[in-house]
Amino acid sequence: MTLQSLLEKKDLTYLFLGGKGGVGKTIAASAISIELAKHFDKVLVVSTDPAHSLSDCFDQDLSGGESVKIENVDGNLFGLELDAEKGMESFKQLSSMGMPGAQGMGMPGFGTTSNTTEGTTGAPQMPPGLEGLGADLLGEDSIPPGSDEAFAFSKLLELIESNEYDLVVFDTAPTGHTLRFLSLPDYLDSFIGRMLKMRMRFGNLFKGMRNLFSGGGGGEDVEDNSLEVMETLKKTITKARIQLADETKTEFIPVTIPTMMALYETERLITSLKEYGIPVEHIIVNQLIPPSKDCQFCAKRFEIQEKTMLTMKQYFGEFIQTEIPMVPQEIRGIEQLKLLSKVLFK
Ligand SMILES: Nc1ncnc2c1ncn2[C@@H]1O[C@H](COP(=O)(O)OP(=O)(O)OP(=O)(O)O)[C@@H](O)[C@H]1O
Ligand SMILES: [Mg+2]
């Protein structure tokens, strides 16, 4: 079976390719976006993996943090490798929500799990006696997201708001990263909810702190739009949650290979996607080797693969499975990617 049925989803707007490290997420995202650019007016393929390989895959420079038109393909295809460091300025707005010192009181983890440390450094400390406020806001069960995921998510919000592309294909980072990214709508929604409650309860205290941290010495009144910023952000996040759970608009395609380890990780990925309400319809099984008579090693591997494929069908029978054979050459550059898109959509 192939991905043909994707082409029938005329309202498809967000397509995610995800899975274990090295299974073929980037080649699949690239080949699929080449085909979809023939059917949608303006398509963006964006890498949310901090270790980008989209440029290498297309053999075109897509780095630099701005979207770049991809050459030698039919239609309007753009590529973008997110540059978390360059984009930190716009992301800071999300992390501080317009409130000086907010990094020190509510978004720990933003800036702590990657090599990008901006956003936490230099943040004013909470005044004595209020240190526990951040924990109150976050709740005990919160897992703080990393800054790369937060930045990727802020980009998604931006894309949702701008409507600039008809379709955005996400080449995601290996599973763990991507699940943190996809947990952000829930996480931020409850975080901002708590912030808003706090603002209502401690409105004057927040105002005093703002003035203090903004260098006003506590005396001057500084204009405070943080409530407005938070409310707008909450609305955008709610919109993102609705769109990501809408099966006419969003689909997540897990990419896997025929090994039991990959199969188990794919199962966990699909379980989490179901929890987040993200639609899954197709699954790609990559790197299938052909049968062999002459090579004992290859014959043994093929035998194991056959068993794994049977289990794969039992586990993932409800999804449309598309298979990609292992080819002798590396899949890289437009010509190879076009051949792969033929396999995927034939
Ligand atoms: N079916 C295949 N036949 C031959 N080579 C393949 C095949 N699938 C993937 N490759 C090669 O394997 C490598 C990894 O593929 P790719 O970068 O798409 O994986 P990935 O899942 O995006 O990896 P990462 O987790 O590192 O982002 C690439 O060099 C690619 O060309
Ligand atoms: Mg990749």
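Below, each value reflects all heavy atoms present in this structure, side chains not excepted, and no hydrogens, waters or symmetry copies. Ligands are counted one by one from 1 in listed order, and the atoms in each one are counted from 1 as well.
- Of the candidates Ala31, Ser53, Gly24, Gly24 brings a heavy atom nearest to atom 19 (O) of ligand 1.
- A distance-only check finds a donor-acceptor pair linking the side chain of Thr13 to the backbone of Asp11 [under 3.5 Å].
- Those atoms of ligand 1 with a heavy atom of Gly21 less than 4.0 angstrom away are 25 (O).
- Contacts of Asn286 with ligand 1, taken as heavy-atom pairs under 4.0 Å, involve the side chain alone.
- The option from Val327, Ile257, Asp49, Leu340 that lies nearest to atom 3 (N) of ligand 1, judged by heavy atoms, is Val327.
- Heavy atoms from other residues, nucleotides or ligands lying under 6.0 Å from CD of Gln296 number 12 at most.
- Atoms of ligand 1 found under 4.0 Å from any heavy atom of Pro174, numbered from 1 in the order shown, are 25 (O).
- Distance from atom 25 (O) of ligand 1 to its nearest protein heavy atom, with residue and atom name: Lys25 NZ, 2.7 Å.
- Phe316 and Leu6 fall into different hydrophobic clusters, where Ile, Leu, Val, Met, Phe, Trp and Tyr are joined by side-chain heavy atoms under 4.5 Å apart, directly or via other members.
- Heavy-atom contacts of Ile331 reach the following atoms of ligand 1: 1 (N), 2 (C), 3 (N), 7 (C), 31 (O) (cutoff under 4.0 Å).
- Proximity to Gln329 (heavy-atom distance under 4.0 Å) selects the following atoms of ligand 1: 4 (C), 5 (N).
- Residue-level proximity to ligand 1 for Pro325 is carried by the backbone, the only part with a heavy atom below 4.0 angstrom.
- Counting protein heavy atoms only, atom 22 (O) of ligand 1 is closest to Thr26 OG1, 2.7 Å.
- From the protein, the heavy atom lying nearest to atom 18 (O) of ligand 1 is Ile27 N, 2.9 Å.
- Linking ILVMFWY side-chain heavy atoms closer than 4.5 Å, directly or via other members, places Ile34 and Val43 in a single hydrophobic cluster.
- A 6.0 Å sphere centred on NZ of Lys42 holds more than 12 heavy atoms belonging to other residues, nucleotides or ligands.
- Closest to atom 29 (O) of ligand 1, if we only count protein heavy atoms, is Glu330 OE2, 3.0 Å.
- For the atom pair Thr175 OG1 and His177 NE2, the distance stands at 11.0 Å (nearest 0.5 Å).
- Ranking the protein heavy atoms by distance from atom 13 (C) of ligand 1 puts Gly22 O, 5.0 Å first.
- Residue side and main chain included, Thr26 places an N/O/S atom under 2.8 Å of the Mg ion (ligand 2).
- In Glu66, the CD atom is not crowded: 12 or fewer heavy atoms of neighbouring residues, nucleotides or ligands sit closer than 6.0 Å.
- Within a 6.0 Å sphere centred on NZ of Lys300, other residues, nucleotides and ligands contribute 12 heavy atoms or fewer.
- Protein non-hydrogen atoms do not reach within 4.0 Å of atom 11 (C) of ligand 1.
- The residue Arg332 has no part lying near ligand 1, judged by heavy-atom distances below 4.0 Å.
- Judged by distance alone, with hydrogens and angles left aside, the side-chain atoms of His282 form no donor-acceptor pair with the main-chain N or O of Phe319 at under 3.5 Å.
- Leu156 and Val46 end up in the same hydrophobic cluster when Ile, Leu, Val, Met, Phe, Trp and Tyr side chains are linked at under 4.5 Å.
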